[in-house]
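Written out below as structure tokens is the structure these notes cover.
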Number of protein chains: 2
Amino acid sequence: MKLSTKGRYGVRAMFDLALHQGDGPTPLRSIAERQNISEHYLEQLIANLRKEGLVNSVRGAHGGYLLSKEPAEITIGDIIRVLEGPIAPVDCVSDKVEEDKCENITDCVVRMIWKKMKDSINEVLDEITLEDLRQEAINAKQNGAQHGYMYHI
Amino acid sequence: MKLSTKGRYGVRAMFDLALHQGDGPTPLRSIAERQNISEHYLEQLIANLRKEGLVNSVRGAHGGYLLSKEPAEITIGDIIRVLEGPIAPVDCVSDKVEEDKCENITDCVVRMIWKKMKDSINEVLDEITLEDLRQEAINAKQNGAQHGYMYHI
DNA sequence: CAAATTCCTAGTGCTATGGTATGATTATTC
DNA sequence: GAATAATCATACCATAGCACTAGGAATTTG
């Protein structure tokens, strides 16, 4: 029951973009350096975020990446679902197709657990936006946070 | 973010024991057959459940396994934590030791997400007991559930 | 003693993860 | 035109965990 680095790096990268939103496109290299993530690996991840429309890209000199929407309109759930697939503890609660593969769907007592689990996780992740993180970072900074690669504002 | 079969098989096996509690020790073979799980594999899982005191074993002919406590006193969280380790999306929120490995612990904005996620999952899993499942199975049976390997009562 | 059953150790094939390496192509700015 | 950057492609690799399988030793009952 662990998230892989895909989801975690993705969230950090998007958070980084949220903090630098307004400065124009942010090159991948800057994100990778600030967040201490392998640039090549991050490239693979952000390609998915672009395909799913969470970020826009600008080519060429002074190019880079931009959030496609306001930080308040992007949830952590949006990001993680793109990078890790459906957020569900077992396949039989993740989507219609997978549900149908389970013969016992209506009778299965145990499935109820996974359903509750899934709903509770998604609820948490869908109520946190990048704007929430940005605000927290600003507060932390004001309250004297020092290190934190998480908020180079 | 998937559970492995360890956690899922474990829950099903314990649920099976809950349903057959009172019949004396349940041999592993019976559980494995009813739940359609590899006997040898299940053996390895139940060994951990025994070491952690969730089940008792009786050797020899007519031996088998028994829940060590009342079904109402065993939560799904108890079972999954034994078989999958701490239920946490990232290590830095799983326990003290892991927390200490993270330099940024106090300042890290993103960590708050994983903390909330962890708490919400654990809350769900710790409020469901084997007795709850047993009751649901009995209800389902009365309401005409037919198939469901989940409740051979 | 034979059968049933738990207990224990080892090995195995597969897949996903988390990268690295290399290079070519396209678009943009100065 | 040079530099900067995204985009695309392909391939490789080491490690770890998963989901078993195999085989046998120890224990208990009848």
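What you see is a predicted model; the values in this text were computed from it and never measured. Each chain gets a letter, A, B and so on, in the order the sequences are listed, and its residues count up from 1.
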Between [X] and [N], is there a side-chain N or O to OP1/OP2 distance below 4.0 Å?
| X | N | answer |
| --- | --- | --- |
| Lys6(B) | dC18(D) | yes |
| Ser4(A) | dA16(C) | no |
| Thr5(B) | dA19(D) | yes |
| Tyr65(A) | dT7(D) | yes |
| Tyr41(B) | dC18(D) | no |

In terms of the nearest nucleotide of DNA chain D, which residue is placed more toward the 5' end: Lys51(A) or Val58(B)?
Lys51(A)
When you match Ser38(B) and Glu84(B) each to their closest nucleotide on DNA chain D, which lands nearer the 5' end?
Glu84(B)
Rounded to the nearest angstrom, tell me the gap between atom [atom1] in [X] and atom [atom2] in [N].
| X | N | atom1 | atom2 | value |
| --- | --- | --- | --- | --- |
| Leu45(A) | dG19(C) | CG | C1' | 10 Å |
| Asn48(A) | dA6(D) | CG | C1' | 15 Å |
| Lys2(B) | dT17(C) | NZ | P | 11 Å |
| Ile37(A) | dT17(C) | CD1 | C1' | 15 Å |
| Leu83(B) | dA19(D) | CG | P | 12 Å |
| Gln44(B) | dT9(C) | CD | P | 11 Å |
| Glu39(A) | dT4(D) | CD | P | 13 Å |
| Leu3(A) | dA16(C) | CG | C1' | 15 Å |

Ignoring hydrogens and angles, answer whether the base of dC8(D) and the side-chain atoms of Glu43(A) contain a donor-acceptor pair closer than 3.5 Å.
yes
Could you tell me whether [X] contacts a base, only the sugar-phosphate backbone, or nothing, with contacts defined as non-hydrogen atoms closer than 4.0 Å?
| X | result |
| --- | --- |
| Arg50(B) | sugar-phosphate |
| His40(B) | base |
| Ile46(B) | nothing |

Is the number of heavy atoms from other residues, nucleotides or ligands within 6.0 Å of CD (Glu123(A)) greater than 12?
no
Which nucleotide wins on minimum distance to the side chain of Pro27(B), given the candidates dA27(C), dT6(C), dT29(D)?
dT6(C)
For [X] and [Y], work out which heavy atoms get closest and say how close.
| X | Y | result |
| --- | --- | --- |
| Leu45(A) | Lys6(A) | CD2-CG, 3.8 Å |
| Lys118(A) | Ile87(A) | CG-O, 3.5 Å |
| Pro71(A) | Gln21(A) | CD-NE2, 3.0 Å |

Between Gly60(B) and Ala61(A), which residue's closest nucleotide on DNA chain C lies nearer the 5′ terminus?
Gly60(B)
Could you go through the salt bridge (Lys or Arg N to Asp or Glu O under 4.0 Å) check for Asp119(A) and Lys115(A) one step at a time?
CA-CA 6 Å; Asp119(A) 290 343; Lys115(A) 187 79 167 57; 3.3 Å; yes
Kindly determine whether Arg111(B) and Glu136(A) satisfy salt bridge (Lys or Arg N to Asp or Glu O under 4.0 Å), including the steps that lead there.
CA-CA 11 Å; Arg111(B) 182 169 177 275; Glu136(A) 282 220 34; over 6 Å; no
